[in-house]
Structures are given as structure tokens and as C-alpha cells.
Amino acid sequence: MSDSSIKSIVIVGGGSAGWMSASALAKVIGCTNCSITLVESAQIGTVSVGEATIPQVQLFNTILEIDESEFIRSTNATFKLGIEFIDWKEKGHRYFHPFGSYGTNMEALPFHHFWLKMQDAPELSDLSRYSLASVGAYDNKFMHPSSQQNSPLAGINYAYHFDATLYAKFLSKYAIKKGVKRIEGKVDEVKINPVTGMIESLVLNDSTVLSGDLFIDCSGFKGLLIEQALKTGYENWTHLLPCNKAVAAPCLSTKALNPYTQSTAQNVGWTWRIPLQNRVGNGFVYSSEFIDDGNARTLLLNTLESNPLNDINSLQWVTGMRKKSWNKNCIAIGLSAGFVEPLESTGLHLIQSAIAKLMTLFPSKDFTQCDIDLFNQQTETEYHRIRDFIILHYKLTNRDDSEFWRYCKNIEMPDSLKQKIDMFSENGRIFRQDNELFNETSWLAVMHGQGIKPKSYHPLVDRLSYDEIKRRLKSIESVISRSANVMPDHQAYILKNYTP
């Protein structure tokens, strides 16, 4: 290795962000020519309530060559086919955001344009019937993708619900086995070079000095390195997404093992329900401007299906992102980089995505500014697109039954979101920009679910006759229904394949 090669990496903070970073670096770079050290303190708790994921987490585990069966058993994981949104459009209404696609594209056009043309036929109007993930989820069914070609079963896309604390422990064993050094301690001081502004070393509470070439800040909301030491600055989005607190508590399940997350809108904010093998994760996300902490705790307890298993865990944040996730020789990953509320289960993905960008733009000791700028530009774009998608759920509501929902209806939309809504409202068009995280299926599910009815559809749809489109839609619905019938019960599938 050349003299300019990174020889030492120091990660501050454990939890999911720290141990995902350590594991990926140890796997891809190795610890032979570059030391990787992680500092964490058992006295500092991790957030670790983000138990729901999106399908991209499969790729991360695959890169690490993690055995899925071992992972599922170690983290009490279940499978996830999507998210159900209850009472978001209006009270008494629900819809499903599935993983995977709706129907199949026809005549080189997206399926939903043909479906939009048939809205005067009530028997064809339920969009969820054209999604295997939606139909299977509501029947509590799950299976891995089938090898059967030309079948919806071959395209099953899934994620997981799991215990994030157990996942971090699972990865810590993986990383340490690969050569990562774990140090128990707290950072008391950050030494910065007065000329370059780079971080030179960390002084721990036992006076240990840790020098490094590259520092990764996984210290959570406080941003110990990126903010407290480097004063990077923060872009506050509270005016766009007012929820700034959450209370969480697990309980035992009294219901079937759903292969999906549930999000239920409340008078102020929303509650989550995430089923694991051994318990259910529950939480209430809210704005302190509209409800006090005591009433928030009461609301959460009233939504539980059984007594809480632990004390209530309280969280507080400022929605937004660092002005630069990579500053000097420090990269913020996880909550230290920013936070968008967990409505669409994006927390672990943003960790994974930051790690992927770091690998692509991995520096030398020269820390080339153009690489740093590109990392920050891509991070900003990703956060902004996710932010827009989350705002969509709040902005497009018919609810006006509380001060909170009246505020949300009047949120001033970013131009990027307004353009997407306007295009879909006019002619059903959806464009995925900058390889953004949420694809056309996701935008369709939420815009339709929240009540947008496009005025028209793609004009080339009219190349097919009304009767032919009707025949094809009925055929697709029939194939999906038969495919769902083949899928086994979710709980039975887990008991058969993942319990001793």
C-alpha cells in the first residue's frame, strides 16, 4: 500500500450504524493493511427501535455473505411484504404500500395506465388486487421467490422485521471475527489539527488516545464528531415534517403473524406495529407542539394489544440532515448524518447507502475534495427525495379533525414534490429521478392511497380496446389470486424453516 493509503479507521458509536459500518469495512477492505477500531460505551444506550426494513437490506446481508437462516434465528426476524396505512387519507380508510410491482407492463407502457382507464368498472378498481405482495400480505402468506418462470411467485420482493439491538450484536460478532477491534469507552476530547482542520485523535475517558486517518461518526443524534467537534451545521426540516418525538414499547402478540408493518394515523402523528417472532414492536411518533409527553405515553399504552414488556423508551430528534455528511476526514453515518421519521422504514437503508457511497468514493489520506463533494451531493439528493415521499403522506390527507392534521394539510410543499403530484394528478405519469430510493410502485401506492385520482392516463393506452384491457386485467387478477393461494401461512413458514 502507498504512503497515502488509509491505514487506520476509527468508528465512534456502536448500534446498527456503527456495527454495519464496521462489518462492511472489515469485509470489503479487510483489517490486514488497515486497522478498524470501534469505540462504544455500554453506558450510552442506542436508539435501536427501527425494527422494520425495506428490501435493499437483503443486498447488504448478501455482500457480507450472511446466512439468512442464521440471521433470522439470531434477530427474531419475520418477513415483510409492505406497509399498511390506516386512517391516513381519512378515518376508516386503509391502503397498502407493497414491495414488488402492480400487474405487468403492457404494450411498453406501465400497467397502472391501463388500470386507470378502467376506473368506471367497479370490479376492476381495487389496485391492491393486482399486487401479489398486497394480496399475500392480507392473507398472512409468505414464501421466498419461486424458481418457476413467468409466475408472480418468481418476483416476490421482501424485507424483514427484526430486533435492531440483536442485529447490532449479530454484526458485532461478525466484525470482531473479521478483525475489528472494539474498545469500551467514552470520547472525552476530539483533537483537531489547527492547520488542516482534520481530526487527529480522540481522547477517551480513561485517557486512551486513539489516532486515525479516517473517522466515522455513528454517535447518534448528538453528532459527537461531525457536529460537536467540526461544527458542520444542520438543515432543519421541522416546518415540513413536524413530528419530533416518539415513545416505544414492545408487547406480546395476540394476533396472527402479519408479514407487514402497520402505520395508523392518530389525532397527532401515528403509531407503528411491527411483528417479530417473539413480540410486537410498538411506537407512537408525534409532535411536541400538539401533544405533551404524558398524553403521548397514554396514547401509546392504549393502542397496545397486551401489557408492555419493558419500560417505555422515549426519543427526541430534529428532522433534517447535516449540511455535509462528509466533512474533512470525518463521515457521519446513521442518525449523526440526519433523520427522517421512520414512516417508510428508511433508517437502516440510509446507513447502508452511506456505506455503499463510502466504498465507491473511498479516500486516500489526500481526501480529494471532488470526491467529498460528490458524496455530499448524492447524500443530499437521497435525503431530499425520501423527505418528499414522507411529506406526501401528511400533505395528501382529507383529515381536518385536529389542529395537527390541519397544519399538515397546509404544509408548503417543496417544488420537487409538487412536480410529482401535479404530473400524476394530470395524466398518471410517474418519473423516478436520480435513481431515487422509492420507485414508481411506491409513489403510485401512496398517491393513489392518499386519494389522488388522475384526470387522464397515457394516450397510447387507447391502442388497446376497452374489452381487451378488461380481459387482460381480469386475467392478471386471476393469476395473482391463484399465486397467493399457493403461498404458505407466514407463521407456519417461519416455524417450519427457522425454529429448532
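Computed from a predicted structure; not experimentally measured.
Among the candidates Phe389, Phe431, Phe424, the single residue satisfying the ring-ring contact (aromatic ring centres under 6.0 Å, His included) test with Trp443 is Phe389.
A donor-acceptor contact under 3.5 angstrom links the side chains of Asn258 and Arg273, judged on distance only. Residues His161 and Thr53 bring no donor and acceptor atom of their side chains to less than 3.5 Å of each other. Between the side chains of Glu344 and His393, at least one donor N or O lies within less than 3.5 Å of an accepting N or O. Side chains of Tyr138 and Glu84: a donor-acceptor N/O pair is present below 3.5 angstrom, by distance only. Inspection of the Arg471 and Ser475 side chains reveals no N or O donor paired with an N or O acceptor under 3.5 Å. Side-chain polar atoms of Asn398 and Glu90 form a donor-acceptor pair below 3.5 angstrom. Between the side chains of Trp317 and Thr319, at least one donor N or O lies within less than 3.5 Å of an accepting N or O. The closest side-chain donor-acceptor pair between Asp120 and Tyr466 falls under 3.5 angstrom. Checking Glu426 against Ser456 by side-chain atom types alone, no donor-acceptor pair falls below 3.5 Å. Between Lys420 and Ser416, the side chains place no donor N or O within less than 3.5 Å of an acceptor N or O (distance only, hydrogens not considered). Side chains of Thr78 and His490: no donor on one and acceptor on the other come within 3.5 Å. For Asn61 and Tyr167, the side-chain atoms include at least one donor-acceptor pair closer than 3.5 Å. Remark: the Tyr394 side chain and the Trp270 side chain contain an N/O donor-acceptor pair separated by less than 3.5 Å. Donor-acceptor pairing under 3.5 Å is lacking for the side chains of Tyr130 and His112. For Ser345 and Lys80, the side-chain atoms include at least one donor-acceptor pair closer than 3.5 Å. A donor and an acceptor atom, one from each side chain of Trp88 and Ser263, are located under 3.5 Å apart.
Centroid-to-centroid, the aromatic rings of Tyr160 and Phe71 come within less than 6.0 Å.
Taking 4.0 Å as the cut-off between side-chain N and carboxylate O, Asp87 and Arg94 do not count as a salt-bridged pair. Under the 4.0 Å criterion applied to side-chain N and carboxylate O atoms, Arg387 and Glu341 are not assigned as salt-bridge partners. A salt bridge links Glu107 and Arg472; the closest N-O separation between the charged side-chain nitrogens and carboxylate oxygens is under 4.0 Å. Comment: Glu477 does not engage Lys474 in a salt bridge, judged by the lack of any side-chain N to carboxylate O separation of less than 4.0 angstrom. The pair Asp401-Lys91 counts as a salt bridge, with a side-chain nitrogen and a carboxylate oxygen less than 4.0 angstrom apart.
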**Study point:** Derivation of the salt bridge (Lys or Arg N to Asp or Glu O under 4.0 Å) call for Arg279 and Glu51
**Key:** CA-CA 12 Å; Arg279 62 174 175 83; Glu51 296 167 323; 2.5 Å; yes
Exercise for review: Go through the steps to decide whether Leu437 and Arg385 satisfy the test side-chain contact (heavy atoms from CB on, under 4.5 Å), and finish with yes or no.
Suggested key: CA-CA 8 Å; Leu437 173 60; Arg385 297 296 183 200; over 6 Å; no
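Under the rule for a side chain to side chain contact (heavy atoms under 4.5 Å, CB included), the partners of Glu380 that lie at least two apart in sequence or sit in another chain are Glu235, Met321, His384.
Taking the side chain as every heavy atom from C-beta outward, Asp462 and Tyr457 approach each other to under 4.5 Å.
The backbone N or O of Pro250 sits nowhere less than 3.5 Å from a side-chain atom of Asn282 that would complete a donor-acceptor pair.
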